*Asks:* 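First the structure, then my questions, so here it is.
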Amino acid sequence: MCLGIPGELVDTVDEQPDLAVVMVSGVRRKINVALLSDQDLRLGDWVLVHVGFALSKISEDEARAVLSFLSSLGTPYDDELNALRESNIG
Amino acid sequence: MRYVDEFRDADRARALASRIARLAEPGREYKFMEVCGGHTHTIYKHGLEDYLPENITLVHGPGCPVCVIPMGRVDDAIHIARQPGVLMTSFGDMMRVPGGNGSFFDSNARDTNIRMVYSPLDALAIARDRPELRVVFMAIGFETTAPSTAMTLLRAKAEGLRNFFVFANHVTIIPAIKAILDSPDLRLDGFLGPGHVSTVIGCRPYEFIARDYGKPVVVAGFEPLDILQSIYLLMLQLSQGRCAVENQYGRVVPWDGNPIALRAITQTMRLRPYFEWRGLGFITSSALRLREEFAAFDAEQVFELPGLRVADPKSCQCGEVLKGVLKPWECKVFGTACTPETPIGTCMVSPEGACAAYYNFGRFSRQRVREASRA
Ligand code: SF4
């Protein structure tokens, strides 16, 4: 819950500008991007995702560094990814 | 040093370590508090204390949101979950937090069905799909998660949902830091500011720490090098006789935070006059509740709550650990009666809790401490 996990924006969601599809460690899920609506997000951008919301925009280098750090955490990251896998926001 | 090759940039870490050591005046003791549980986790996992000279101590702060939820609130949540037609939902981290009568998991083994969700939006989606259920979301966390609850409430209101409720337990970090600064138990020399919370609130709210208390603050990232570099920046300020708020984690944290997130919180929630923090007691203006405009979504108003204050178990010393007065292993039940499998206190529940982090990663250091104290 406290982990921010990096996701790459890979798709938009029809008629729901608040939502976007991200790819996080091979998991493809919808998240809410409304908190970054002042940021001019584009496909291919990376964001840090907290409990289903993109909270900050980050560089790709930062995203890779965070991912490798998170993988080193083991269980807490696995738990977060599993929770994300179950997620189905609309 | 055993940990040296456990993370990529060990060479840079060693270089930072020696710069830190050069700034440390012999005979002076330095105590820095890392406010955030994520930092505690990194510090123990990578044995960062082993990189520091002996006169620099890291003190673990109260920034683990599940650790500070008092027993009575867990009991209230279970009470709501027992009402007819209610589906209580919660982040997974909350499930093992003990209340006066066991945790959510214990309660589910008896007669409830408290369900784990990844996001409050998942709880909202369930409410939308199952109009016959009253879906309650157990909202916890600092300013990192409060915006997600706020945005979900705004959405629920816009959709006109009548069967979605929030049990608000959001806490705010600044009053907790202030309580620690005002407590006579502890003398600190500076703070590592929380990374993700600051993504939302920015760096300005910490300015009072430098201005009114004369202590430096460095907002820090979560990787081992981030933490060492932030300690270096704190030491640099002290050695130059400065104290200011600095942002080591600028690649993620904007100086002014996230204005949209802050606005969403203000639109939906307001400060409570006081709130009980587990181990720390009541702290003034330290938590959020729903605004009147959202009363129809407010589980505290819709459901009758017992609202009983439940004293922490006598053997539990989480309060001292959360304030940084005791190190985890100094608690009498640490690692014996209290383990991650059978937590007595909350600091042992979450991987960000100081006791759990220490239990999982700190044993080698502890051995060394023992050896050192024998020598
Ligand atoms: S060992 Fe258990 S009871 Fe003692 S402070 Fe840690 S979590 Fe609390």
Side-chain angles (χ1 to χ4, degrees), chain A residues 1-6 13 16 18-19 22 24 27 29-39 41 46-90, chain B residues 6-8 36-38 41-42 45-46 63-66 91-94 116-126 128-129 140-142 144-145 147-152 154-155 194-197 199-200 221-226 251-254 257-261 264 350-352 360:
Chain A
M1 171 195 106
C2 288
L3 298 181
I5 49 185
V13 178
Q16 299 215 57
D18 281 359
L19 302 185
V22 290
V24 180
V27 183
R29 279 291 171 277
K30 272 190 257 176
I31 58 155
N32 187 300
V33 291
L35 296 173
L36 296 180
S37 54
D38 57 352
Q39 299 266 327
L41 292 179
W46 287 83
V47 291
L48 266 191
V49 185
H50 290 262
V51 299
F53 287 79
L55 207 51
S56 45
K57 189 173 149 181
I58 54 174
S59 71
E60 182 168 350
D61 284 349
E62 174 64 13
R64 305 225 176 276
V66 176
L67 277 174
S68 78
F69 170 69
L70 289 174
S71 320
S72 80
L73 290 183
T75 322
Y77 183 48
D78 295 342
D79 288 351
E80 192 76 7
L81 274 188
N82 285 334
L84 175 66
R85 234 173 244 126
E86 301 288 312
S87 167
N88 184 19
I89 70 177
Chain B
E6 275 189 19
F7 58 93
R8 303 173 277 137
C36 163
H41 190 97
T42 303
K45 177 152 167 93
H46 293 283
C64 161
V66 305
F91 292 136
D93 310 57
M94 192 61 219
M116 279 188 257
V117 288
Y118 168 67
S119 167
L121 288 173
D122 285 310
L124 188 74
I126 300 173
R128 214 183 274 130
D129 293 346
I140 61 163
F142 287 95
T144 324
T145 52
S148 62
T149 304
M151 296 294 279
T152 305
L154 290 168
R155 181 91 192 257
H196 294 322
V197 165
T199 311
V200 173
F222 292 93
E223 295 186 50
L225 277 184
D226 288 327
R251 49 194 209 275
V252 173
V253 172
N258 182 320
I260 303 177
S350 154
E352 269 116 33
N360 290 328

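Labels below follow one simple rule: chain letters A, B, ... track the order of the sequence lines, proteins then strands, and each chain is numbered from 1. Everything numeric in this text was worked out from a predicted model, so none of it was measured.
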*Asks:* How would you list, by chain and number, every residue that makes a salt bridge (Lys or Arg N to Asp or Glu O under 4.0 Å) with B:Arg155, sequence neighbours excluded?
*Replies:*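 Salt bridge (Lys or Arg N to Asp or Glu O under 4.0 Å) check on B:Arg155 returns B:Glu159.
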*Asks:* Could you tell me which portion of A:Ser87 (side chain, backbone, both or neither) has an atom closer than 4.5 angstrom to a non-hydrogen atom of chain B?
*Replies:*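 When you check distances to chain B, atoms from both the backbone and side chain of A:Ser87 fall under 4.5 Å.
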*Asks:* So which of A:Leu55, A:Val66, A:Leu48, A:Asp61 has the largest heavy-atom pair count under 4.5 angstrom toward chain B?
*Replies:*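 Highest number of heavy-atom pairs under 4.5 Å: A:Leu55.
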*Asks:* Going by side-chain contact (heavy atoms from CB on, under 4.5 Å), name the residues that satisfy it together with B:Pro147, two or more places apart in sequence or in a different chain.
*Replies:*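 Applying side-chain contact (heavy atoms from CB on, under 4.5 Å) to B:Pro147 gives A:Leu35, B:Val200, B:Ala261, B:Ile265.
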*Asks:* Against chain A, label B:Thr144 side chain, backbone, both or neither, depending on which of its atoms sit under 4.5 Å from a heavy atom there.
*Replies:*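 When you check distances to chain A, atoms from both the backbone and side chain of B:Thr144 fall under 4.5 Å.
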*Asks:* Under a 4.5 Å heavy-atom cut-off, does chain A meet the side chain of B:Asn258, its backbone, both or neither?
*Replies:*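 Interface part for B:Asn258: side chain.
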*Asks:* Please classify the contact between B:Val252 and chain A as side chain, backbone, both or neither, with a heavy-atom cut-off of under 4.5 Å.
*Replies:*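 Both parts, backbone and side chain.
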*Asks:* Look only at the side chain of B:Asp122 and the backbone of A:Asn88, and say whether a donor-acceptor pair between them is shorter than 3.5 Å.
*Replies:*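 Yes, because the side chain of B:Asp122 sits within donor-acceptor range (under 3.5 Å) of the backbone of A:Asn88.
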*Asks:* Tell me if the aromatic rings of B:His41 and B:Phe222 count as close, with their centers under 6.0 Å from one another.
*Replies:*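 No: the rings miss the under 6.0 Å criterion.
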*Asks:* Spell out the residues in residues 77-85 of chain A that have some non-hydrogen atom less than 4.5 Å away from a non-hydrogen atom of chain B, in order of number; otherwise answer 'none'.
*Replies:*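 Checking residues 77-85 of chain A against chain B gives A:Glu80, A:Ala83, A:Leu84.
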*Asks:* Do A:Lys57 and A:Leu41 have side-chain heavy atoms sitting under 4.5 Å apart?
*Replies:*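 Yes, at least one pair of side-chain atoms sits under 4.5 Å.
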*Asks:* Could you check whether atom CD of A:Glu86 has more than 12 heavy atoms from other residues, nucleotides or ligands sitting under 6.0 Å from it?
*Replies:*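 No.
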*Asks:* Is it the backbone or the side chain of A:Thr75 that comes under 4.5 Å from a heavy atom of chain B, or both, or neither?
*Replies:*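 For A:Thr75, there is no contact with chain B at all, as no heavy atom is under 4.5 Å.
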*Asks:* Quick one, A:Val33 with A:Val47, criterion side-chain contact (heavy atoms from CB on, under 4.5 Å). Give me CA distance, side-chain angles, the key distance, then yes/no.
*Replies:* CA-CA 9 Å; A:Val33 291; A:Val47 291; 5.6 Å; no
*Asks:* Identify which part of B:Pro259 has an atom lying under 4.5 Å from any heavy atom of chain A, answering side chain, backbone, both or neither.
*Replies:*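 For B:Pro259, the side chain is the part near chain A, not the backbone.
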*Asks:* Can you sort out the partners of B:Cys36 under disulfide bond (SG atoms under 2.5 Å apart), two or more places apart, ordered by chain and number?
*Replies:*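 Listed in chain order: nothing, the list is empty.
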*Asks:* Just do the side-chain contact (heavy atoms from CB on, under 4.5 Å) check on A:Phe69 and B:Leu225 with the steps written out, would you?
*Replies:* CA-CA 11 Å; A:Phe69 170 69; B:Leu225 277 184; over 6 Å; no
